Amino acid sequence: MEKKLYITTAIPYVNGTPHIGNALDYLLADIWTRYQKQNDHEVRFSVGTDEHGNKIAAKAAEAGLNPKTYTDQTYVNFENLMKKVGASYTDFVRTTDPHHISSIQYIWKTLLPYIYKGKYEGWYCIGCESFVSDKEASANEGICPDHKQPYQRLSEENYYFKTSAFTDQVREAISSDEMKIVPEFRKKEFLALMKDGLQDVSISRPKKNLSWGVPVPDDPNNIMYVWLDALANYITVLGYPDQPSWQEYWPADVQILGNDIIRFHAGLWPAMLLGLGLKLPKKLLVHGTIIVGGAKMSKTVGNVVDPNQVIDEYGLDAFRYYFSRHIPTLDNGDFTWEKFENSYNTELANDLGNLVQRVASMITRYQAGVIGVAPKGEHDMSVYHEAMESLEFNKAIDEVWLMVRSLNQYIENVKPWQIAKKIGKDAEAEAHLTEVLAYSVGALLQIADLLVPFLPKTASEIHKTFESGAIVASESVLFPKIYIHTKNPNTPKV
RNA sequence: CGCGGGGUGGAGCAGUGGUUAGCUCGGAUGGCUCAUAACCAUCAGGUCGCAGGUUCGAAUCCUGCCCCCGCAACCA
């Protein structure tokens with residue numbers, strides 16, 4: 001049965017260059033999307049960029065540009081990354097889009113029954129033109145590290161959103177899995193965090209302190225808090241409220257986010273939706289952080305991994321492979337160039353690439369490239385599908401590699417090259433060989449099907465090679481060995 | 001006693017009371033020759049963080065302790 005599904009990715013703040021965490025968002029959403037499409041569902045897959053706020057304005061000023069011009073230049077970096085990881089997204093939203101702006105103002109007006117004026121008090125840096133959290137203030141011993149000035153205790157009048165009014169509903173939705181937080185431990189973590197209830201959130205800043213943003217309706221001296229603006233993208237991108245088709249896709253089936261922003265997505269965002277009278281998303285997929293050799297990535301340490309470099313050096317599918325299999329979907333994962341290259345050379349090149357090659361080569365050599373009719377692969381795929389449904393993509397792709405391994409074992413046991421030698425002496429040998437090789441092709445085609453969500457290019461190359469009933473030689477081998485970061489074990493010893 | 005997760009062979013992990021604790025990578029040996037010097041098999045290697053307890057029996061349950069990692073609400 002065909003369903004209309006919707007998946008979203010967190011929209012990154014465009015004040016920097018895209019990093020590997022952004023790429024992970026797009027990749028996970030894309031895997032899910034391709035999987036659902038393969039099952040004949042229709043999917044909308046949204047991406048976007050978050051472009052308002054002081055930090056953007058500051059960066060723009062540094063570059064001598066107005067903020068809009070600045071974001072017009074930087075958002076492209078993110079769009080390029082989405083394309084580069086092969087994300088098959090259908091909708092792109094920028095928070096500076098006119099439709100988004102008018103929509104968020106409509107949202108504000110609709111939420112008015114839950115909005116009140118209140119005082120916000122906190123530590124403020126005049127240089128930064130912004131408040132800092134108590135934690136940050138005490139961490140810096142009361143002095144702004146950028147401006148070498150002491151923070152001041154200031155208060156200002158803000159609009160507040162009565163998130164607290166929705167505490168019970170949100171808690172209930174999370175506990176009952178009506179809005180399911182995946183993985184379970186994130187759900188527990190968040191429920192513990194909100195045990196004292198959701199706290200009202202200040203959702204505006206005086207214009208003098210926050211110039212770059214969406215004005216509050218009927219009160220242009222106040223600018224909307226960036227998170228309110230940003231979170232709304234998930235519905236404005238669908239055309240909410242003016243294009244009725246949004247109703248065919250909301251609520252989202254899956255919203256993808258990193259663990260660092262869970263409280264906005266599991267607290268403020270559902271409260272906004274409830275205030276608007278909308279349904280809550282069905283699932284929040286919270287992925288972990290990618291660390292490098294056990295350490296957090298950071299610019300100062302200089303261990304930041306550029307997704308572009310990975311893709312440029314090893315190819316897109318190699319990137320998609322490592323980040324879907326060796327970075328657990330629902331937990332933190334480790335990246336090092338050595339690990340990456342090892343898994344590329346052993347798993348992609350030796351296990352899969354070589355398997356395709358040896359089967360194709362035997363058919364070419366023994367049967368002049370004629371496959372005959374390949375039987376349908378018969379491997380039990382329930383583990384794979386269960387893993388996909390429970391959003392544990394790494395477990396699903398693990399399952400594919402079990403199949404790769406068992407096909408290699410099968411070939412080793414049956415020894416087609418020995419059967420080939422009997423042709424002419426043994427009357428049944430020829431038919432037997434054909435059967436063995438056709439079976440292998442059937443298994444490979446099944447493997448290719450299961451790889452479609454993960455390695456679309458590889459899957460289609462395998463299909464191309466075998467599906468016509470005769471071998472179509474490809475111009476190059478799948479996953480040629482690469483030794484950039486590790487030693488080539490086959491170099492002769494000096 | 002803030003909350004949560006975790007400590008299992010060199011590395012990464014699975015395993016929540018029951019036969020000799022599994023898997024992948026790495027290492028050693030052997031086989032094979034269709035293949036990207038690939039593939040397959042076998043072997044080596046673990047006092048399951050520490051100490052007590054419950055039990056016929058614990059990595060698995062209980063108690064205490066040690067260590068690591070997140071989070072601790074307005075930075076997006």
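In what follows, chains are A, B, ... by sequence order, proteins preceding strands, each numbered from 1. As the structure is a computational prediction, the values presented were derived from the model and not from experiment.
Atom-to-atom, CD1 of A:Ile327 to C1' of B:G12 comes out at 11 Å; the value is rounded to the nearest Å. In this structure, the CH2 atom of A:Trp417 is 11 Å from the P atom of B:C32, given to the nearest Å. Taking atom CZ of A:Phe190 as the reference point, atom C1' of B:A73 lies 9 Å away to the nearest angstrom.
With B:A38, B:C39, B:A73 as the candidates, the nucleotide lying closest to the side chain of A:Glu412 is B:C39. Of the candidate nucleotides B:A38, B:A76, B:G31, B:A38 has the atom lying nearest to any side-chain atom of A:Asn350. If you check B:C32, B:A76, B:C25 against the side chain of A:Gln418, the one that comes closest is B:C32. When each of B:A76, B:C74, B:C34 is scored by its nearest atom to the side-chain atoms of A:Val201, the top-ranked nucleotide is B:C74.
The phosphate of B:U24 has neither OP1 nor OP2 within less than 4.0 Å of any side-chain N or O from A:Arg325. Of the side-chain N and O atoms in A:Tyr225, one or more sit less than 4.0 angstrom from OP1 or OP2 of B:A76. The phosphate of B:A72 has OP1 or OP2 within less than 4.0 Å of a side-chain N or O from A:Arg263.
Judged by distance alone, the side chains of A:Trp269 and A:Gln255 do bring a donor and an acceptor atom under 3.5 Å apart.
In this structure A:Lys395 satisfies the side-chain hydrogen bond (donor to acceptor under 3.5 Å, both in side chains) test together with A:Glu392, sequence neighbours excluded. With sequence neighbours excluded, the residues forming a salt bridge (Lys or Arg N to Asp or Glu O under 4.0 Å) with A:Arg325 are A:Glu347, A:Asp398, listed by chain and number. Every residue meeting the salt bridge (Lys or Arg N to Asp or Glu O under 4.0 Å) condition with A:Glu189, not counting sequence neighbours, appears here in chain and number order: A:Arg186. For A:Phe319, the ring-ring contact (aromatic ring centres under 6.0 Å, His included) criterion is met by A:Phe323, not counting sequence neighbours.
Only A:Asp351, A:Gly353, A:Asn354, A:Gln357, A:Arg358, listed by number, bring a heavy atom of residues 351-358 of chain A to less than 4.0 angstrom from any atom of RNA chain B. If you check residues 383-408 of chain A against RNA chain B, the residues with a heavy atom closer than 4.0 Å are A:Arg405, A:Asn408, listed by number.
Across all strands, A:Phe479 comes closer than 4.0 Å to base atoms (heavy-atom distances). Counting non-hydrogen atoms under 4.0 angstrom, A:Val477 reaches a base of the nucleic acid. Using a 4.0 Å heavy-atom criterion, one finds that A:Asp50 contacts the sugar-phosphate atoms exclusively. Counting any heavy atom pair closer than 4.0 Å across all strands shown, A:Asp260 reaches a base atom. Contact annotation for A:Leu198: base contact, defined as any heavy-atom pair under 4.0 Å involving a base atom.
Sorted by first and then second residue, the salt bridge (Lys or Arg N to Asp or Glu O under 4.0 Å) pairs involving residues 54-63 of chain A (not counting sequence neighbours) form an empty list. The side-chain hydrogen bond (donor to acceptor under 3.5 Å, both in side chains) analysis of residues 193-207 of chain A, with sequence neighbours excluded, yields the pairs A:Tyr116-A:Asp200, A:Asn158-A:Ser202, A:Ser164-A:Asp200, A:Ser202-A:Arg205.
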Pairs under 3.5 Å (N/O, protein and nucleotides 1-11 of chain B):
from, atom 1, to, atom 2, distance (Å)
B:G5, OP1, A:Lys188, NZ, 3.3

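In RNA chain B, consecutive stretches of 3 or more Watson-Crick or G-U wobble pairs with both distances under 3.5 Å are given as paired ranges: B:2-7 with B:66-71, B:10-13 with B:22-25, B:27-31 with B:39-43, B:49-53 with B:61-65.
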Let me have the donor-acceptor pairs involving side chains of residues 222-229 of chain A, under 3.5 Å, with sequence neighbours excluded, atom names and distances please.
from, atom 1, to, atom 2, distance (Å)
A:Asn222, ND2, A:Asp219, OD1, 3.4
A:Asn222, ND2, A:Asp219, OD2, 3.0
A:Asp229, OD1, A:His100, NE2, 2.7
A:Asp229, OD2, A:His52, ND1, 2.6

Show which side-chain atoms of residues 428-445 of chain A pair as donor or acceptor with protein atoms under 3.5 Å away, not counting sequence neighbours.
from, atom 1, to, atom 2, distance (Å)
A:Thr434, OG1, A:Gln367, OE1, 3.1
A:Thr434, OG1, A:Glu430, O, 2.9
A:Ser440, OG, A:Val436, O, 3.0

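A:Lys119 and A:Glu157 are not joined by a salt bridge, as no carboxylate oxygen comes within less than 4.0 angstrom of a charged side-chain nitrogen.
Summarising the local packing, NZ of A:Lys422 is surrounded by 12 or fewer heavy atoms from other residues, nucleotides or ligands at distances under 6.0 Å. Residue A:Lys457 qualifies as open at atom NZ: its count of foreign heavy atoms under 6.0 Å is 12 or below.
Taking the ring centroids of A:Tyr321 and A:Trp401, they lie under the 6.0 Å cut-off. The aromatic ring centres of A:His265 and A:Tyr234 sit less than 6.0 Å apart.
With hydrogens and angles ignored, no donor-acceptor pair under 3.5 angstrom links the side chain of A:Ser361 to the base of B:C34.
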